[in-house]
Amino acid sequence: MNPDLMIETRGLSKTFVLHQQHGARLAVLDGVDLAVARGECVALVGPSGTGKSTLLRCLYGNYLASGGEVRVRGDAGWTVLGEAAAREVLLLRRDTIGYVSQFLHVIPRVPALDIVAAPLRDRGVADGEARERAAVLLRALSLPERLWRLPPATFSGGEQQRVNIARGLIAEHPILLLDEPTASLDAANAERVAQLIDAARQRGAAIVGIFHDVAIRDRVASRCFSLTRATETAP
Ligand SMILES: Nc1ncnc2c1ncn2[C@@H]1O[C@H](COP(=O)(O)OP(=O)(O)O)[C@@H](O)[C@H]1O
Ligand SMILES: [Mg+2]
């Protein structure tokens, strides 16, 4: 086994049961074997609806596997997500797995700077230091400083997305899951995100991402994982 392996699925299947549709079953993932090591950035590719976001949610433990398993390497060794207690999954999310969802879940009245700093505070980093590191990231993503003290509810899509990315990257998790992190960004801001992804890889993060934009995908991915055929192809 690859000693640098950080996260893997073994025969992962996910079937949704649609209770509103008389229990109709929707088989989305079927026997997915994905293994991602330190320093890799694996891009999930496939047409819309093939289960890319579903796979990321399974890797984060948001969705439970219908078959097979998701294995994550944390500080204390390997955990099978489906067998872990809720508290264990929360600790893995605090310390090991970072997830940048497609859209920011805005918390009313909380300023952007504090939203970004929160994952560090959760890990016991002092307020001042957490805010300083949040400021460094927001500056790197060129979010105008006048916005830092405001809640992001009224921000533009691209501004919210940059807050979301900063929040997802600040704790420097060993595993990063990115769902279309550059979808609402212009070319210059997408490039800034690409540079942060490169930096995360260089510090040894294992990254799984969905990148709608092919140029960005080619720019950041070390390889592609195709969901239509569940085989690997060159980026
Ligand atoms: N919570 C859910 N309940 C029912 N169906 C879902 C759920 N999440 C995703 N799906 C379905 O799974 C399929 C794959 O969705 P998704 O993973 O979002 O695709 P992609 O990210 O590749 O575009 C879609 O048909 C979608 O409707
Ligand atoms: Mg998706």
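Start at 1 and go down the list; that is how both ligands and their atoms are numbered. Since we're looking at a predicted model, the values are computed, not measured.
- Using a 4.5 Å heavy-atom cutoff, the side chains of Y60 and L92 are not in contact.
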Practice problem: Starting from the C-alpha separation in whole Å, work towards a yes-or-no answer on side chain to side chain contact (heavy atoms under 4.5 Å, CB included) for I207 and V42. | Solution: CA-CA 6 Å; I207 304 172; V42 177; over 6 Å; no
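- L91 and L59 fall into different hydrophobic clusters, where Ile, Leu, Val, Met, Phe, Trp and Tyr side chains are chained together by heavy-atom contacts under 4.5 Å.
- For atom 20 (P) of ligand 1, the nearest protein heavy atom (residue, atom name, distance) is G49 N, 3.5 Å.
- The pair E191-R219 meets the salt-bridge criterion, with a side-chain N (NZ, NE, NH1 or NH2) lying under 4.0 Å from an Asp/Glu carboxylate O.
- With sequence neighbours excluded, no residue satisfies side-chain hydrogen bond (donor to acceptor under 3.5 Å, both in side chains) with D122.
- In L227, neither the side chain nor the backbone holds a heavy atom less than 4.0 Å from any atom of ligand 1.
- Scanning all protein heavy atoms for the shortest distance to atom 12 (O) of ligand 1 gives V28 CG2, 3.3 Å.
- Atom 18 (O) of ligand 1 has as its closest protein heavy atom S53 CB, 3.7 Å.
- In this structure, G51 counts as a contact residue of ligand 1, since one of its heavy atoms falls inside 4.0 Å of the ligand.
- Each protein N/O/S atom under 2.8 Å from the Mg ion (ligand 2) was counted, for a total of 1.
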Practice problem: Determine, step by step, whether L176 and V208 satisfy the side chain to side chain contact (heavy atoms under 4.5 Å, CB included) criterion, reporting the C-alpha distance in whole Å, the side-chain angles of both residues, the deciding distance to 0.1 Å, and the verdict. | Solution: CA-CA 6 Å; L176 284 174; V208 185; over 6 Å; no
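- Of all atoms in ligand 1, numbered sequentially from 1 with element shown, those under 4.0 Å from a heavy atom of T54 are 9 (C), 14 (C), 15 (O), 16 (P), 17 (O).
- If you check the side chains of N189 and R192, you find a donor sitting under 3.5 Å from an acceptor.
- Between K52 and ligand 1, at least one N/O pair is under 3.5 Å apart.
- Judged by the 6.0 Å distance and 45° axis criteria, R25 is not positioned over the aromatic ring of F16.
- L150 and I115 end up in the same hydrophobic cluster when Ile, Leu, Val, Met, Phe, Trp and Tyr side chains are linked at under 4.5 Å.
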Exercise. Any chance you could lay out the side chain to side chain contact (heavy atoms under 4.5 Å, CB included) test for L185 and I165, step after step, and finish with the verdict?
Key: CA-CA 11 Å; L185 302 184; I165 290 162; 4.2 Å; yes
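- Proximity to L18 (heavy-atom distance under 4.0 Å) selects the following atoms of ligand 1: 4 (C).
- Near Y63, with a cut-off below 4.0 Å to any heavy atom, the atoms of ligand 1 are 1 (N), 2 (C), 7 (C), 8 (N).
- Enclosure of atom CZ in R203 by more than 12 non-hydrogen atoms of other residues, nucleotides or ligands within 6.0 angstrom is indicated.
- Taking a cut-off of under 4.0 Å to the non-hydrogen atoms of S48, the atoms of ligand 1 that pass are 23 (O).
- Contacts between T50 and ligand 1 below 4.0 angstrom, taking non-hydrogen atoms only, involve backbone and side chain alike.
- For atom 26 (C) of ligand 1, the protein comes within 4.0 Å by no heavy atom at all.
- Taking a cutoff of 4.0 Å between a charged side-chain nitrogen and a carboxylate oxygen, K52 and D179 do not qualify as a salt bridge.
- Of the N or O atoms in F16, none lie within a sub-3.5 Å distance of an N or O in ligand 1.
- At a cut-off of 3.5 Å, with distance as the only test, no side-chain donor of E40 or S222 sits close to an acceptor on the other residue.
- Annotation for ligand 1: atoms under 4.0 Å from non-hydrogen atoms of L26 are 11 (C), 25 (O).
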